[in-house]
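To start, the structure itself, in structure tokens.
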Amino acid sequence: MAKKEKLPRVAMPEQDPGVRSKNFDEVPLGYTVDMAKQEASRCIQCKKPACVTGCPVSVDIPGFIKHIADENFEEAIKTLWDKNALPAVCGRVCPQEIQCEGKCIVGKKDKPVAIGYLEKFAADYARNNNIESLPEIPEKTGKKVAVIGSGPAGITVAGDLIAKGHEVTIFEAFHKPGGVLVYGIPEFRLPKEIVFSEVALLEKMGVKIEQNVVVGRTVSIDELLEEGYDAAFIGVGAGLPRFMNLPGENLIGVYSANEYLTRANLMKAYKFPEYDTPMAIGKNVAVLGAGNVAMDAARTALRLGAENVHIIYRRSREEMPARVEEIHHAEEEGVQMRLLTNPVKFIGDEKGRLQQVECLQMELGEPDDSGRRRPVPVEGSEFILDCDLIVIAVGSNANPLLTGSTDGLDLNKWGNIDVDEDTNKTSKKAVWAGGDIVTGQATVILAMGAGRIAADSMHKYLERGW
Amino acid sequence: MFKIVNREEMAGGTIVLNEIEAPLIAGKAKPGQFVIIQANEKGERIPLTMADVNPGKGTITIIYMIVGKSTKLFASMEVGESFDAVIGPLGQPTHLEKLGTVVCVGGGTGIAVIHPITRGLKEAGNKVISIVGARSKDLLILEDKMTTASTELKICTDDGSYGHHGFVTDVLKETLENEDVKQVVAIGPVPMMKFVSKMTKEYNVPTLVSLNPIMIDGTGMCGGCRVSVGGETKFACVDGPEFDGHKVDFDQLTQRLQAFYEDEQNSMEKFGK
């Protein structure tokens, strides 16, 4: 038999950069059925699949890919749902290159199997064809669980525990469920309709969602436990924007990424005045930071008509924390990278509106505590950039609103919740936590992984007691 | 859903009162705290300090002036209709303690916000002298309620149509001269709070002001409501809304409130049509 011809990785069709930088539609167009089958056939179905070990929620990756190759799309989505309540989300926003695809055996000699694209395909196929083979819910256990926060961690806990027969209620502070998936990640990267439809599946399984409830203000965790909830999970995210404490930071035109993106994404301010929330519009925009959030903000600014959008980052390209794919997309669309550059001062006019930012050129010195070479200022390198909109995207700290109003919850020195690593149980009886409020700002899938660990431990507790 | 159970117009229809079903918030709210209200799916999130709560009935009361599209939209809603979202209680409650003689200064719709604080300060055992101001007699609100809530009520109008002819600061000055005032609470338009704070600083009387900057979530997440207090940046939503009036940078606050001025005007104009 002739050796099987090696197929190249099927490229993802995308909107043209020139077109997409003017609209908020999703950038990748998605695989067709033929593309998906062809890509799925590249999977060599390892007996000991390394990809699965790279997945924080242990999806049976070869399993769902085999179903796609066999054109059995309903089985493919069932296999995904078995471990992951949000496949359409994860197929889009997971950093596959350092997780499943990073471990793919095919990837050792060739490009890895496009696991993320295939996951997106299977989930989109199911949604577009109304496949809703929800797991069977076992007999009710009579136990009640409160999940605080409807982001990726909370959704995972809710999905896992409802499937075990417990009653689950999610409490969300905003008027829409989804957490960071809705307020943080832009439409062009993750259409909101997809998040809502994945959440709707949870509701069909019986999960209740109470919106507009700020736990810590409207009701406390202790009150929930007294009211009859047997256990609670805290998945409220990071939620406290970091500023830089630079002169001029309170000028009009300087926004946190949280505010900028929440306006655009949750409040749909990019559709102002059809929607009532106004959007900060800039002609010359600088985004401070180089993570995924910074790329999201920069690409949003371009879509809102900015002439120049700069990413200002004090280290070099190698250290940029954003996914390579996000940086690539941003540059394709016209975002300009100003690396080894550090802002030192924001300059405004007499009306308090931002006009310019003063920066310093940096160079890389000796490695610092993080092992990365420390950027040091080049003397006399100050320069001024015209700029009427700044988005500060240098990360988030732990929001103290809930943790500060809950007795018996141990925190670390940064204000994140201390948990037992194996179970994600907190110091407070019957309370678990996971996601960014524990780890600091991280990824959607890590929050989901944390939710899975907590849900397993919560289930044991609910079944057997402490 | 958050149903409107009572609606009243005041000041010739320029100011509207809504009593809204929100039992969880009503059970928790304290004077000085605020809610964020959104009329519908496409609406803005607007922060409003509560004018009253009725825990037994499970309702909260807001009183607002019609100044932009969102307040106009709120005002167009009838009894029986519901807001999409009411979130709260947010912010820190007013610290109410017995100090002796205190002065509550309210201007415009700030009177609605200072009313429960006035009541609380009197209940705490203080002699409460209230000074309320409006542009003219027909724009003055809650006179009866403020009379009941205060030990003594002084009224000013800009045009002299009622009470003292002039600004609240004139009457405040007189009061500061003649009484042993331990604390002033001032709530109203930013210029009023600025000038009250300037005056009380001269008399060295501690002064609380309640700030209402632009905000989105109200939980410390967006940082849009940052204000400079004593040179430090604070978030009005979680650190406030009340701050030491002697330390607030009112000029910066005034500027920041203008951030979306043009958009707001356009939106209002479009809504009018």
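Just so we're on the same page: letters track the sequence lines, and every chain starts at 1.
Chain A forms the most heavy-atom pairs under 4.5 Å with one residue out of B/L24, B/T219, B/N40, and that residue is B/T219. Ranked by heavy-atom pairs under 4.5 Å with chain B, the list A/T262, A/V213, A/N399, A/L261 is led by A/N399. With chain B as partner, the option from A/Y255, A/Y260, A/F272 having the largest number of non-hydrogen pairs under 4.5 angstrom is A/F272. The candidate from B/S267, B/A85, B/G220 with the greatest count of non-hydrogen atom pairs under 4.5 Å with chain A is B/G220.
For A/E223, the part lying under 4.5 angstrom from a heavy atom of chain B is the side chain only. At a 4.5 Å heavy-atom cutoff, A/K271 makes no contact with chain B through either its backbone or its side chain. If you measure heavy-atom distances from A/E274 to chain B, the contacts under 4.5 Å come from both the backbone and the side chain. For B/L73, the part lying near chain A is the side chain, with the backbone staying farther off; criterion is any non-hydrogen pair under 4.5 Å. With a threshold of 4.5 angstrom between heavy atoms, A/L251 approaches chain B through N, CA, C or O but not through any side-chain atom. The parts of A/N250 that come within reach of chain B are both its backbone and its side chain, each placing non-hydrogen atoms under 4.5 angstrom from that chain. Contact annotation for B/I214: only side-chain heavy atoms (C-beta onward) come within less than 4.5 Å of a heavy atom of chain A. Looking at A/L401, the atoms closer than 4.5 Å to chain B (heavy atoms on both sides) all sit in the side chain, from C-beta outward.
Within a 6.0 Å sphere centred on CD of A/E227, other residues, nucleotides and ligands contribute more than 12 heavy atoms. Within a 6.0 Å radius of CD in A/E193, other residues, nucleotides and ligands contribute 12 heavy atoms or fewer. Residue B/Y261 qualifies as open at atom OH: its count of foreign heavy atoms under 6.0 Å is 12 or below.
Here B/D52 pairs with B/R119 in a salt bridge; the nearest charged N to carboxylate O distance falls below 4.0 Å.
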